[in-house]
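Below is one structure, written out as structure tokens; the observations come after it.
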2 protein chains.
Amino acid sequence: MERKRSDNIAEELEGLILGGVFTPGERLDEVQLADRFAVSRTPLREAFHRLALSGLVEHIPHRGTFVRQPGPVELIEMFEVMAELEATCARLAAARITDEALDDMRATNARCLAAVEAADHDGYYHENERFHAILYRQSGNGFLEGECLRLHKRLMPFRRMQLRLRGRLRQSMSEHEAIVEALQRGAADEAAEALRAHVAVQGEKFHHLMAGLKQAAE
Amino acid sequence: MERKRSDNIAEELEGLILGGVFTPGERLDEVQLADRFAVSRTPLREAFHRLALSGLVEHIPHRGTFVRQPGPVELIEMFEVMAELEATCARLAAARITDEALDDMRATNARCLAAVEAADHDGYYHENERFHAILYRQSGNGFLEGECLRLHKRLMPFRRMQLRLRGRLRQSMSEHEAIVEALQRGAADEAAEALRAHVAVQGEKFHHLMAGLKQAAE
DNA sequence: AAGTGGAAAATTGTATACAAAATAGTTGAC
DNA sequence: GTCAACTATTTTGTATACAATTTTCCACTT
């Protein structure tokens, strides 16, 4: 294993946690991981702090660093907040959005649709992310944009899970089109409501998915 | 100077930054501060990470850690987001709030008013914080509550500044009463709008305050 | 004279050694 | 036999030494 930097370590650890190698609540052993990555404990602690910033792990003084995979309840709550934040973006963007951005959203949407046709999940995911990123930017509120990106990233693995649900992709696409349409008309409340519903439904779908998995495990 | 722990160092640094000892954009010299606190660089770096978590400083790899006091524009943006988050709390709380919590809010409000009468700024500030904390809790969304507390804390010094504005305290009190009243009736949209306005006005007041200070400095 | 190259200084990142704290395990008393 | 206290072990927190990177400054070339 090649020599790592703390940046890479944080990234790799993120992958391991999201990949399910470390179970939620598990303590991340510093010496063990230091040995695994062939580095000392110091950069590992740095990496832990970075993961704590994105909320993936929790550090308790004199106790250790623990995997903080959110449970179903907290996840629903996070989707609820995400829905509100995106709705706010939409409300603000409806008044401020530029024609260029509207065109960009339409183009992104088109590429998104193409990805759906080609069953290209990664492509869909990428374009979908771009669609939302444009919306955040067009809110005109840089702080709001940052908070949205942060939460969006944190929900990333859970959004990804539900892409497998049949028919969800196409439904999501038509929702995107309705959003663009409302933004173009400058209908703030309508756009906000469309976004709220668009994100909220993801939380619900996820809930169903989780319930299904739980049932299957029993 | 006594021996410090990284927790205390983070706290003390926070005070120094908020107290204006370190100017925004300034680089925090590790060796210099390590010498000042009579500790090594290691716990200082830990403290930096903690401050980065609350957004007070920014760490740039191989460049250093910089004071990240937000400018007027970002501050307005933050108040805008805070207003939306609190409005969401209100909307959710309107349906879920318990009678005990309503009584608690009224009692807190009463103590708040007493503090105003006694010109007890610290007391007012404390009770006001409690008022909002109850609201966050009553949203029933633990994640939302956490995000609100985080942002509220970050805006703390700026809220505090505007308490000096004449008449603002009493106005704020009557807004609180209107909020409680709307919550009691279960009027979600009304409560949300009341909160949004209540917080947004703080952002505006702050804006005026900053403009005044800037003018006075010229 | 201005711009580029490189060497030296300053500063951040990492490794190792040591200290402090928490947990676990064991012995003793009741 | 159970609970409590003490010791031993494990684990986190800190100090110091060293490596790597960035920046600065000076010399040299065009």
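All values below come from the heavy atoms of this structure, side chains included, with hydrogens, waters and symmetry mates left out. Just so we're on the same page: letters track the sequence lines, and every chain starts at 1.
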Problem - Validation row, ring centre B/His176 to ring centre B/Phe131 under 6.0 Å - result: yes

Walking DNA chain C from its 5' end, the first of B/Asp29 and A/Thr42 to be reached, judged by nearest nucleotide, is B/Asp29

Comparing nearest nucleotides in DNA chain C, the 5'-proximal residue of the pair A/Arg41, A/Pro61 is A/Arg41

When you measure from the side-chain N and O atoms of [X] to the phosphate of [N], is any distance below 4.0 Å, counting only OP1 and OP2?
{"X": "A/Ser40", "N": "C/dA15", "value": "yes"}
{"X": "A/Arg27", "N": "D/dT11", "value": "yes"}
{"X": "A/His59", "N": "D/dG13", "value": "yes"}
{"X": "B/Arg63", "N": "D/dT23", "value": "yes"}
{"X": "A/Arg45", "N": "D/dG13", "value": "yes"}

Discussion item. How about NE2 on B/His126, more than 12 heavy atoms from neighbouring residues, nucleotides or ligands closer than 6.0 Å, or not?
Written reply: no

Please give, in whole Å, the distance from [N] [atom2] to [X] [atom1]?
{"X": "A/Phe66", "N": "C/dA22", "atom1": "CZ", "atom2": "C1'", "result": "11 Å"}
{"X": "B/Phe48", "N": "C/dT12", "atom1": "CZ", "atom2": "P", "result": "8 Å"}
{"X": "B/His62", "N": "D/dT21", "atom1": "NE2", "atom2": "P", "result": "7 Å"}
{"X": "B/Asp35", "N": "D/dT14", "atom1": "CG", "atom2": "C1'", "result": "16 Å"}
{"X": "A/Glu30", "N": "D/dG13", "atom1": "CD", "atom2": "P", "result": "7 Å"}
{"X": "A/Arg50", "N": "C/dT14", "atom1": "CZ", "atom2": "C1'", "result": "13 Å"}
{"X": "A/His49", "N": "C/dT14", "atom1": "NE2", "atom2": "P", "result": "14 Å"}
{"X": "A/Asn8", "N": "D/dA20", "atom1": "CG", "atom2": "P", "result": "16 Å"}

Between A/Thr23 and A/Glu26, is there a donor-acceptor pair closer than 3.5 Å when you use the side chain of the first and the backbone of the second? no

**Asked** Can you tell me if B/Glu77 uses its side chain to pair, donor with acceptor, with the backbone of A/Gly142 under 3.5 Å?
**Response** yes

Report the C-alpha distance between B/Glu86 and B/His132 in whole Å, list the side-chain angles of each, state the deciding distance to 0.1 Å, and finish with yes or no for side-chain hydrogen bond (donor to acceptor under 3.5 Å, both in side chains).
CA-CA 8 Å; B/Glu86 297 221 22; B/His132 286 270; 2.7 Å; yes

